[in-house]
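Residue indices begin at 1 and follow the sequence shown.
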Amino acid sequence: MKVWTIAYYTALRHLRDVKAMAAFLLLPLVMMLLLGTMQSSKFTPTMVEPVNVGFLNEDDGRVGTELENYLLSQKVQGLVHLVPVSDIAEGNEFMNTGKIKSLIHVPIHQSKQLRDGEEVQVEFHGKEDRPFIQPILEGFIRTQNLNVTVEQIGNPVAGAAAGSNIRVIMLETSGIIPTGVDYYAITTMFQFLLLGALFGVFAVTKDIGNHTYSRLLAAPVYGSRVTLGKLLGSLITLYGISMFLFLVSKYVFRANWNASLWLIMLVLLLFAAISVSLGMIMAYLTKSTMISSLSLFILSFVFTLISGGITPIDGALFDTLSRYAPNSYGQKVLFSSIYDGTFMFSALFGLTLYMGITVVLAMVSGRRRVA
C-alpha cells in the first residue's frame with residue numbers, strides 16, 4: 001500500500017506541472033504533422049524507370065510488327081525501352097553485360113500460324129522468376145487471338161471490343177506503404193516517450209532538492225519501495241501521455257495504427273518503463289536535474305537518429321548501432337505488425353529484456369543512493 005501511495009503522489013505532482021504536461025501533450029503532435037508533411041515525398045512511390053528489353057523480330061507478318069508497335073505505344077510508354085537485337089546470341093550477350101534486362105523473341109512464321117489457327121508462341125528470355133513484362137505479352141497475344149477470331153466470324157461489335165484499349169489496373173498501396181504521417185506518428189511517439197525520462201528525473205531530483213527524500217528515509221518504509229513507488233508514479237504519467245498521443249494520431253490525424261490493440265498498448269507500456277527507468281538512473285547517478293536533462297536530450301537524439309526516427313537510414317553500421325536503441329525494437333514490432341501482418345517476437349523480446357535491465361538498474365541505483 002505504501003508503494004501505491006508514493007506512486008499516487010508522484011503521478012499527481014507530475015500532473016500539476018502544467019508546463020511539462022503541455023509540452024509532452026502538444027509538441028509531439030506538432031512534430032508528427034510537420035515531419036509527416038515535410039517528409040511525405042520520401043514515402044510516396046516514385047516513377048519507375050523504364051526497363052531495357054531486347055526485341056528480336058523474325059516474323060514477316062502482323063504479329064511481330066504489331067507487337068513492336070504495341071511495345072512502342074503510349075500504352076506501355078515509360079515501362080519498356082526496346083533495344084533492337086539481331087539474333088539470340090547477341091541478346092544473351094546483352095543480358096550478360098547488363099545492357100538489357102530481358103529479351104522478347106518473335107520466331108519466324110508466327111503470323112502464318114496465327115492465321116491457320118495454330119498456337120502462337122512469343123518467346124521470352126530472362127533471369128527473373130516473375131518478370132513484369134510477361135503479363136504485357138500475354139495481354140497482347142490474347143488481343144491478337146481475339147482479333148483473328150473476330151475477322152473470321154465477321155462480327156463488327158466484337159471487333160470494336162477487341163480493338164479497345166487494355167484496361168489499366170492501378171496498384172493500391174494504401175495500408176501497405178506508410179505515408180509520412182503514418183511513419184512519424186510512431187517514430188515521433190517513441191522519441192518523445194524517451195524524453196519522458198524527465199519524469200523519472202523530476203521524481204528523484206525534486207525530492208532531493210526540497211529534502212522530502214530525507215523524510216522518506218526516516219519514515220518506516222524500505223528505500224526500494226520508495227524507488228519503486230516513484231517509478232510506478234512516473235510510469236503511470238508517461239503511459240497516460242502515450243495513450244493520448246496514440247488516440248489523437250489515430251483518430252484525428254488518421255495515422256495507420258492497424259495493429260492489434262493489445263500489442264500497441266504492451267509496446268507503449270514497455271517503452272514507457274524503459275524511459276522512466278533511464279531517467280531515474282541518470283538522476284541517481286548525477287544528482288542534478290540539469291546534467292540529467294541534458295544527457296537525456298542527447299541520448300534521445302542519438303537513439304532516434306540511429307533507429308531511423310528522424311529519417312529512414314539504411315546501412316550495416318546503423319543496423320548494428322540500432323540494437324542499442326530501444327526505439328528500434330518498438331518500431332520493428334509495430335511496423336512489422338501494421339504493414340507486414342507479422343508478429344516480430346525477437347523485437348518484442350528485445351524490448352522486454354531492455355525494460356527488465358533498465359528497471360533493475362534503476363532499483364539498484366536507488367538503493368545505492370539510500371546507502
Name every donor-acceptor pair, under 3.5 Å, that has one atom in a side chain of residues 315-324 and the other anywhere in the protein, sequence neighbours excluded.
unit_1: Thr320; atom_1: OG1; unit_2: Ala316; atom_2: O; d: 3.0
unit_1: Ser322; atom_1: OG; unit_2: Phe318; atom_2: O; d: 3.2
unit_1: Ser322; atom_1: OG; unit_2: Asp319; atom_2: O; d: 2.8

ask   = Got a sec: does the CZ of Phe343 have more than 12 other heavy atoms crowding it under 6.0 Å?
value = yes
ask   = Quick one: are Asp182 and Tyr339 in side-chain contact, heavy atoms under 4.5 Å?
value = yes
ask   = Can the ring centres of Tyr183 and Phe335 be said to be less than 6.0 Å apart?
value = yes
remark   = Closest non-hydrogen contact found for Ala23 with Pro28 is O-CD, 3.4 Å
query = With distance as the sole test, does Ser336 use its side chain to make a donor-acceptor pair with the main-chain N or O of Val333 at under 3.5 Å?
reply = yes
note = Between Leu15 and Met21 the two heavy atoms that sit nearest each other are CD2-CE, 3.7 Å
Apart from Ile291 itself, residues in the same hydrophobic cluster as defined by side-chain heavy atoms under 4.5 Å = none
message = I'd like to check Arg254 versus Val181 (side-chain heavy atoms, cut-off strictly below 4.5 Å). Are they in contact?
response = no
ask   = Which residues satisfy the side-chain hydrogen bond (donor to acceptor under 3.5 Å, both in side chains) test with Glu58, sequence neighbours excluded?
value = His105
task = Please check if the side chain of Gln191 supplies one atom and the backbone of Gly309 the other of a donor-acceptor pair under 3.5 Å.
result = no
ask   = By ring pair (Phe, Tyr, Trp, His ring centres under 6.0 Å), which residues pair with Phe24, not counting sequence neighbours?
value = Phe199
Please tabulate, one pair per line, all N/O donor-acceptor pairs under 3.5 Å involving side-chain atoms of residues 274-282, not counting sequence neighbours.
unit_1: Ser275; atom_1: OG; unit_2: Leu193; atom_2: O; d: 2.5
unit_1: Ser275; atom_1: OG; unit_2: Leu194; atom_2: O; d: 3.2
unit_1: Ser275; atom_1: OG; unit_2: Ala197; atom_2: N; d: 2.9
unit_1: Ser277; atom_1: OG; unit_2: Ala273; atom_2: O; d: 2.7

Residue pairs, two or more places apart or on separate chains, that pass ring pair (Phe, Tyr, Trp, His ring centres under 6.0 Å) and touch residues 79-102 = none
inquiry  = Looking at Leu34, is its backbone amide N or carbonyl O close enough to the side chain of Thr37 to form a donor-acceptor pair, meaning the two atoms are under 3.5 Å apart?
reply    = no
